[in-house]
Structures are given as structure tokens and as C-alpha cells.
Amino acid sequence: MSSEEFEKLHEMYKSLYDEVKLMPERAQKCQGEERKRIVRDFDERFSEAEEVLQGMEQELFGAPSSFRTPMSTKIRLYRRDLAKLQRDIRLSATQGFSSHTGDGRQGIYAAQNDQSTHLQSQRALLIQGTESLNNASKSIERSQRIAAETDQIGTDIIEELGEQRDQLDRTRDRLVHTGENLSRSRKILRAMSRRLVTNKLLLSVIIIIELAILAGVVYLKFFRK
């Protein structure tokens with residue numbers, strides 16, 4: 001919706017309404033051809049106002065619901081005001097004729113106005129129904145698109161989880177082999193540790209024996225005479 005275009009049409013309607021709302025009173029004060037001229041002018045302005053209201057309704061099609069709903073109500077009120085002015089101008093146009101003729105024409109105009117008001121109401125309801133249907137269709141399309149995207153995401157996640165499971169299986173196998181290697185390594189390290197301790201003990205014994213021998217030699221050489 002073009003808010004600028006809607007505001008332009010709104011201003012045009014208010015200008016036309018300000019012009020036609022004075023015509024019934026003017027028609028009551030005139031006679032003959034002058035009154036007919038005012039009625040013709042009213043009909044022309046009335047048609048223009050109707051076209052402007054139709055343009056405003058079309059501009060509302062793409063508007064947000066928070067703006068469209070109150071403006072649709074306002075347009076219906078505008079149509080009601082126009083219908084009332086139309087009845088007033090018709091009543092003014094019938095003045096000067098006989099009571100019977102006047103009543104007959106008033107009845108005809110009243111019936112026409114009622115029918116016009118009913119048609120306008122039905123058209124407004126049809127427009128609202130069409131808007132609701134369009135909104136529902138758009139909502140269904142969005143839901144279908146979201147469902148398709150969700151399905152694709154779910155498929156991708158399942159594939160990724162399958163790949164991760166394979167990686168975990170390979171990692172577990174490597175850990176099992178690593179555990180076996182660590183177990184063998186620990187056994188080798190324990191064997192090496194035992195051998196190292198044994199070698200240290202043997203070396204210590206050898207050193208002690210050598211020290212004892214050295215001490216004996218020193219004793220025999222220097223202290224025994």
C-alpha cells in the first residue's frame with residue numbers, strides 16, 4: 001500500500017464531502033432550474049466521491065490489519081454519510097410537487113438508497129472476505145515453506161548425526177587399540193623398572209665388596225706390622 005496515495009485520496013474525499021454536504025440545504029432554498037442544476041452537480045460530486053472511496057478500498061488491500069480495519073470502518077461510515085446526503089438531496093428535489101407524487105418518489109428514492117447502502121455493505125463484506133482469504137492463503141504458503149525448510153533441516157541433522165556416529169565408532173576403536181598398547185607399555189615399563197632396581201642392588205653390592213677389599217688392603221699395608 002502507498003500511504004501517500006491513500007492520504008491523497010482521503011484528502012480528495014474530504015474536499016468532495018465538504019462540497020456536497022451543503023447542497024441539500026441549498027437545493028431547499030432554490031426553485032426550478034437552479035434546483036435541478038444543484039441536483040445534477042450533487043450527482044456528479046457523489047459519483048466522484050464513490051470512485052475515491054473505491055480507490056481508498058483498493059489501497060487498503062496491502063495495508064497491515066492494524067491500519068486496514070479502522071480505515072475500512074471509516075470508509076463504511078463515509079458511505080453511510082453519502083447515502084444520507086443523497087436521500088436529503090432527493091427529498092429537496094421533490095419539493096413543489098403534489099403530496100402523492102412526492103411520497104411516491106420519496107419511496108422510490110428511499111428504496112434505491114436502501115438498496116445502494118445494502119450493496120455497499122455487501123461489497124465491503126466481500127472485500128474483507130477476499131482480504132481474509134488472501135491472508136489465509138499467504139499464511140498457508142508460509143507454513144508450507146517453513147515445514148519444507150524444517151524437513152530439510154531435520155534431514156541434514158540426521159545425516160550429520162550419522163557421520164558423527166561413524167566418527168565416534170572409529171574413535172572408540174582407536175581408543176581400544178590405544179588402551180591395549182598402553183597395557184603392553186605398562187608391562188614393559190614395570191619389567192624395566194624391576195631390572196633397573198636389580199641392577200642397582202647388584203651394583204651397590206659390588207661397590208660395597210670393592211670398598212671392603214680396599215679397606216682390607218689399606219689395613220694390611222699400613223696398619224698391620
Side-chain angles (χ1 to χ4, degrees), residues 1-11 13 53-77 123-225:
M1 183 195 75
S2 173
S3 59
E4 182 179 353
E5 182 65 21
F6 184 86
E7 291 298 329
K8 180 180 178 181
L9 292 172
H10 198 190
E11 292 297 328
Y13 170 78
L53 290 179
Q54 291 177 6
M56 292 171 64
E57 288 177 339
Q58 292 176 357
E59 285 294 322
L60 286 177
F61 280 159
S65 59
S66 59
F67 178 79
R68 182 175 62 250
T69 301
M71 290 310 301
S72 296
T73 302
K74 185 174 290 187
I75 289 174
R76 287 197 296 272
L77 294 177
R123 180 169 57 185
L125 291 175
L126 178 60
I127 291 173
Q128 290 182 349
T130 303
E131 293 175 358
S132 300
L133 181 60
N134 291 335
N135 292 334
S137 300
K138 292 179 182 179
S139 179
I140 291 173
E141 291 177 358
R142 287 194 298 269
S143 299
Q144 291 176 343
R145 183 171 62 254
I146 293 173
E149 293 175 354
T150 303
D151 183 67
Q152 182 61 40
I153 292 173
T155 302
D156 295 340
I157 291 175
I158 291 174
E159 293 178 354
E160 185 176 355
L161 289 175
E163 295 176 356
Q164 292 179 357
R165 184 184 62 184
D166 294 338
Q167 293 177 357
L168 289 174
D169 290 339
R170 290 193 294 270
T171 303
R172 183 188 61 188
D173 294 338
R174 286 197 296 269
L175 288 175
V176 170
H177 294 317
T178 302
E180 294 175 354
N181 293 332
L182 288 175
S183 179
R184 289 195 294 269
S185 299
R186 283 196 295 269
K187 291 179 181 179
I188 293 172
L189 288 174
R190 283 197 295 269
M192 292 176 64
S193 177
R194 286 195 296 270
R195 291 177 184 176
L196 180 61
V197 171
T198 302
N199 291 335
K200 286 183 178 180
L201 290 175
L202 289 175
L203 182 61
S204 298
V205 171
I206 292 172
I207 292 173
I208 291 172
I209 293 172
E210 289 181 351
L211 290 175
I213 294 172
L214 181 61
V217 172
V218 171
Y219 174 77
L220 291 176
K221 185 174 181 180
F222 293 101
F223 296 99
R224 187 177 180 180
K225 295 183 179 179

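None of the values given here were measured: they were computed from a predicted structure.
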Review point. Who pairs with Arg195 by side-chain contact (heavy atoms from CB on, under 4.5 Å), at least two apart in sequence or on another chain?
Key: none
Review point. So, Ser193 versus Arg190: side-chain donor-acceptor pair below 3.5 Å or not?
Key: no
Check your understanding: Got a sec, which residues hit side-chain hydrogen bond (donor to acceptor under 3.5 Å, both in side chains) with Gln54, two or more places apart in sequence or on another chain?
Key -> none
Point to revise | Any Leu9 side-chain heavy atom under 4.5 Å of Leu53 side chain | key: no
Revision key, fill the gap. Here the gap from Ile146 atom CD1 to Ile153 atom CD1, rounded to the nearest 0.5 Å, amounts to 10.5 Å
Check your understanding: How many angstroms lie between atom CE of Met192 and atom CG of Leu189, to the nearest 0.5 angstrom?
Key -> 6.5 Å
Point to revise | Between CZ on residue Arg76 and CE on residue Met71, distance to nearest 0.5 Å | key: 11.5 Å
Practice item. Rounded to the nearest 0.5 Å, what's the gap from CD on Glu59 to CD1 on Ile75? Could you check? Key: 10.0 Å
Point to revise | Partner residues of Ile209 under the side-chain contact (heavy atoms from CB on, under 4.5 Å) criterion, sequence neighbours left out | key: Val205, Ile213
Check your understanding: In chain order, what residues pass the side-chain contact (heavy atoms from CB on, under 4.5 Å) check against Leu203, with sequence neighbours excluded?
Key -> Ile207
**Study point:** Residues which pass side-chain hydrogen bond (donor to acceptor under 3.5 Å, both in side chains) with Asp156, listed by chain and number, not counting sequence neighbours
**Key:** Gln152
What donor-acceptor contacts under 3.5 angstrom involve side-chain atoms of residues 179-188, with partners at least two apart or in another chain?
| unit_1 | atom_1 | unit_2 | atom_2 | d |
| --- | --- | --- | --- | --- |
| Asn181 | OD1 | Arg184 | NH2 | 2.2 |
| Asn181 | ND2 | His177 | O | 3.2 |
| Ser185 | OG | Asn181 | O | 2.8 |

Considering only distance and modelled atom types, tabulate donor-acceptor pairs under 3.5 Å from the side chains of residues 160-176, sequence neighbours left out.
| unit_1 | atom_1 | unit_2 | atom_2 | d |
| --- | --- | --- | --- | --- |
| Thr171 | OG1 | Gln167 | O | 2.8 |
| Thr171 | OG1 | Arg174 | NH2 | 3.4 |

**Study point:** Met56 CE to Lys74 NZ distance, which is reported to the nearest 0.5 Å
**Key:** 8.0 Å
Review point. Which residues pass the side-chain contact (heavy atoms from CB on, under 4.5 Å) test with Thr155, sequence neighbours left out?
Key: Asp151, Glu159
Revision key, fill the gap. Rounded to the nearest 0.5 angstrom, the CD-CZ distance for Glu11 and Phe6 is 11.0 Å
